[in-house]
Amino acid sequence: MNLVTLLPFIVLIGAMFLMTRSAKNKQRQAATMRNQMQPGSGVRTIGGMYATVKEVHDDAVSLEVAPGVHAIYAKNAIGAVLEDAEYNRIVHGIEPDAAEAPVVPDDASSLTEDIEPAEEKKIDLGKGTTDEAGASAADAKPEQTSDAKAEDAKKDGKRDGDTDAK
């Protein structure tokens, strides 16, 4: 047989090996996490329920889902074993000490006080366009007087505040 004909099969077998290896690695990590459960630790089930571990058996775990309410779950139903601080934050709403939390100001003024504003170049946002000499078209056209504007309005049939749309 030619090596070129075997190449697709070799690639396929290699890909299958890599996929099964990563899946087995994830299963191994989940099993070690479940074996580290101890009574008193907080857990999250795969269904999203938070509970406290009361007893650990070979294939099952007794969880306290509410004060005085115990339920038995399979070990495979445990999605994550949580740290005490995270479990208390989620379930009981107990935030960590304020000394450990970073201080965040109420407004941004304290963050920008030391920074001096840079001089900004002013931009002309006028409607006139500039020619090569740099003078704007509005500067080249003389201003109309109020009498000239009134005459233009009479020709158009418009008064002050009227628009072209009808």
For the pair Thr20 (side chain) and Met16 (backbone), establish whether a donor and an acceptor sit closer than 3.5 Å, ignoring hydrogens and angles. yes
Looking only at heavy atoms, the pair that brings Asn76 and Arg34 closest together is O-NH2, 3.4 Å
Separation of Met49 CE from Ile46 CD1 (nearest 0.5 Å): 10.5 Å
Point-to-point distance, once rounded to the nearest 0.5 Å, from NE2 of His92 to OH of Tyr50: 12.5 Å
Are Val65 and Val61 connected in a single hydrophobic cluster, I mean Ile/Leu/Val/Met/Phe/Trp/Tyr linked by side-chain heavy atoms less than 4.5 Å apart? yes
Can you find a heavy atom in the side chain of Val53 that is under 4.5 Å from one in the side chain of Val81? no
Show every side chain to side chain donor-acceptor pair (under 3.5 Å) that has at least one partner inside residues 61-73, sequence neighbours left out. Lys54-Glu64
Residues Leu63, Thr45; criterion side-chain contact (heavy atoms from CB on, under 4.5 Å); working and verdict: CA-CA 10 Å; Leu63 301 178; Thr45 65; 4.1 Å; yes
One pair to check against side chain to side chain donor-acceptor pair (under 3.5 Å): Thr52 and Tyr87. What are the steps and the verdict? CA-CA 9 Å; Thr52 305; Tyr87 180 76; 2.8 Å; yes
Reported CD-to-CG distance for the pair Gln29 and Asn25, which is rounded to 0.5 angstrom: 5.0 Å
Return the CZ to CE distance between Arg28 and Met33, rounded to the nearest 0.5 Å. 14.5 Å
Interatomic spacing from CG in Leu6 to CD1 in Ile13 - rounded to 0.5 Å: 9.5 Å
Arg44 side, atom CZ; Glu86 side, atom CD - distance, nearest 0.5 Å: 7.0 Å
Closest heavy-atom pair and its distance - His57, Lys75: O-CE, 3.2 Å
Considering only heavy atoms from C-beta outward, does the side chain of Met37 approach that of Ile78 to under 4.5 Å? yes
So does Ile72 have more than 12 non-hydrogen atoms from other groups sitting under 6.0 Å from CD1? no
